[in-house]
Protein chains: 2
Amino acid sequence: MVNIRSNPNDEEKLKSRATEISAFYSNKGRMPSFSEIGQLFGFKSKNAVFRLVNRLEKLGVLGRDEKGRLLPGRIMTAPLKVLGTVEAGFPSPAEEELSDTMSLDKFLIQNPSATFVLKVSGDSMSGAGILPGDMVLVDKGQTPKSGDIVIAEVDGQWTMKYLKKRGEQVVLLPANPAYKPIRPKTELKISGVVTAVIRKYK
Amino acid sequence: MVNIRSNPNDEEKLKSRATEISAFYSNKGRMPSFSEIGQLFGFKSKNAVFRLVNRLEKLGVLGRDEKGRLLPGRIMTAPLKVLGTVEAGFPSPAEEELSDTMSLDKFLIQNPSATFVLKVSGDSMSGAGILPGDMVLVDKGQTPKSGDIVIAEVDGQWTMKYLKKRGEQVVLLPANPAYKPIRPKTELKISGVVTAVIRKYK
DNA sequence: CTTGACTGTGAACATTCGTTCAATATAGAA
DNA sequence: TTCTATATTGAACGAATGTTCACAGTCAAG
């Protein structure tokens, strides 16, 4: 007797169907119902879908709510593969299959309601790899520590600088030697901490 | 007669409820059912939810499928507010309300299945604001043009460099003067174009 | 006070959901 | 061929869905 379950052809088909369901989720923003999955693959019976879903669940690519609703499994949450370093080289297809996926949103944003995006103008932080035109994620809920990059209002002017604390003294330090450190005279209002930098090329 | 609808107190309450629904969506990966919304706000009748949802729909913060299912409106798709530039200053609450939101995933990734993440090691591109430890999004489907930053295999070594074409000649240019340009002798395999850079501080 | 607008309750409704069962079709092994 | 296991169909089921209606409570305006 031959164990038909481990037919490699079957697994491929399953994977491709999981991918289609994933596409539905990212397009529509919700998981398809059983009838819709059936429609997607040409099934005329919901029971065929029922079995398909069960197998995908056992493979771990599909999940369920505590209420029994379908959830996008780990493959679905975000179509982004995280791989090794640049020098480690380009990933082989085998590595790709094994690697985990993640969502940029969840990875970069801890505090959604307190986070927003600012576009960078000026090159005062170019020494820290923050160039004009970049986007920075700013969390206005975090308490700034020494060494953080902060968005601050000094004497009526808005800037992005390194925050350095030396005892009671607070200094705003640019990362470009062409600019001078700022020692606030009257007031210093720090309204956010830069948590991430994003540069888009295309 | 006074138009009660424009009561500012009401709008605040509505906004906060929209935020709670948004939180449900980003936590669970799906929209809550009417009963669940009712449970969320202490409603004992689904009709109360029905009317709440209708008002949120008219405000545009909630949407519907072609099948009538609830969809996360523009506020929901990604809890990320895009605002002005650094020097324009910190956004006032009024601006926040007006601004659009977006998803980092959708913003940065055009081709999900062909895109993945590499971690940067080495400082050969530090002149372009790409530092060791940064993450780069790589699209292996795009055809590289001159001026693009590419991931390439030269003589058995993997690197990330600027790609420059001069006629037939192809040169890989680092963005750090400490490194020398690379003129591939035997073979040059370009396997992806860097479409974005991400640096996470916390 | 009364009136009117708004909000929430509670019960009904048709529809769709996911699930289960028996029956049929298909394909490979013996 | 026959046997056996899997795949799909089709019909049924209870539970949950979103929607609608009539009714009661609240609060401000007149």
Side-chain angles (χ1 to χ4, degrees), chain A residues 1-18 20-22 24-25 28-73 76, chain B residues 1-18 20-22 24-25 28-73 76:
Chain A
M1 183 176 56
V2 175
N3 189 354
I4 303 192
R5 282 196 199 164
S6 56
N7 188 328
N9 212 342
D10 273 19
E11 288 224 8
E12 254 187 60
K13 207 169 203 171
L14 274 185
K15 288 256 179 189
S16 89
R17 292 191 159 165
E20 270 199 69
I21 296 180
S22 164
F24 188 106
Y25 180 77
K28 309 254 183 177
R30 63 168 175 88
M31 289 298 278
S33 76
F34 276 43
S35 337
E36 285 169 326
I37 297 180
Q39 205 170 326
L40 210 57
F41 299 133
F43 288 149
K44 296 187 177 179
S45 165
K46 281 191 293 180
N47 187 25
V49 180
F50 181 72
R51 304 242 185 112
L52 170 66
V53 168
N54 273 5
R55 280 195 295 170
L56 289 178
E57 272 188 71
K58 292 200 173 176
L59 284 180
V61 300
L62 272 187
R64 293 268 190 163
D65 247 347
E66 66 278 359
K67 284 216 171 188
R69 284 179 181 76
L70 277 187
L71 276 188
M76 318 286 192
Chain B
M1 181 177 56
V2 174
N3 189 355
I4 304 189
R5 284 196 198 162
S6 56
N7 188 327
N9 212 343
D10 273 19
E11 288 224 8
E12 254 187 61
K13 206 169 204 171
L14 273 185
K15 288 263 178 187
S16 90
R17 294 193 156 166
E20 271 199 69
I21 296 180
S22 164
F24 187 106
Y25 180 77
K28 309 253 183 178
R30 63 169 174 89
M31 290 297 280
S33 76
F34 276 44
S35 337
E36 285 169 325
I37 296 179
Q39 205 171 326
L40 210 57
F41 299 133
F43 289 149
K44 295 188 177 180
S45 166
K46 283 191 291 179
N47 186 28
V49 180
F50 181 73
R51 297 226 264 263
L52 170 66
V53 168
N54 271 7
R55 280 194 294 169
L56 289 178
E57 273 188 70
K58 292 199 174 179
L59 284 181
V61 301
L62 273 187
R64 293 268 190 164
D65 247 348
E66 68 278 356
K67 282 214 171 191
R69 284 176 180 78
L70 278 187
L71 275 188
M76 318 287 192

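A note on names: the letters A, B, ... follow the listed sequences, proteins ahead of strands, and every chain is numbered from 1.
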Enquirer: Let me confirm one number: the CG-CG distance from B/Leu62 to B/Leu52, rounded to the nearest 0.5 Å.
Expert: 8.0 Å
Enquirer: Tell me, with the steps shown, if B/Tyr25 and B/Ile21 meet side-chain contact (heavy atoms from CB on, under 4.5 Å).
Expert: CA-CA 6 Å; B/Tyr25 180 77; B/Ile21 296 180; 5.8 Å; no
Enquirer: Would you be so kind as to tabulate the donor-acceptor pairs closer than 3.5 Å made by side chains of residues 37-49 of chain A, with sequence neighbours excluded?
Expert:
from: A/Ser45; atom 1: OG; to: A/Asn47; atom 2: N; distance (Å): 3.0

Enquirer: Given axes from five pairs at either end, by how many degrees does the helix from C/dC1-D/dG30 to C/dA30-D/dT1 bend, rounded to 10°?
Expert: 10°
Enquirer: I need the CD-C1' distance between B/Glu57 and D/dT19, as an integer number of Å.
Expert: 13 Å
Enquirer: For D/dC21, take OP1 and OP2 only and decide whether either is under 4.0 Å from a side-chain N or O of B/Arg51.
Expert: no
Enquirer: Measure across B/Phe34 and B/Arg64 and return the closest heavy-atom pair with its distance rounded to 0.1 Å.
Expert: CZ-NH2, 3.8 Å
Enquirer: Is A/Arg30 salt-bridged to A/Glu36, going by a charged N under 4.0 Å from an acidic O?
Expert: yes
Enquirer: Rounded off to whole Å, could you give me the CG-to-P distance for the A/Leu52 and D/dT9 pair?
Expert: 12 Å
Enquirer: What is the distance from CG of B/Asn54 to C1' of C/dG8, rounded to the nearest Å?
Expert: 15 Å
Enquirer: Just to confirm, is there a sub-4.0 Å distance from OP1 or OP2 of C/dT19 to any side-chain nitrogen or oxygen of A/Arg64?
Expert: yes
Enquirer: Just to be sure I understand the geometry, which residues of residues 34-50 of chain B put a non-hydrogen atom under 4.0 Å away from DNA chain C?
Expert: B/Phe43, B/Lys44, B/Ser45, B/Asn47, B/Ala48
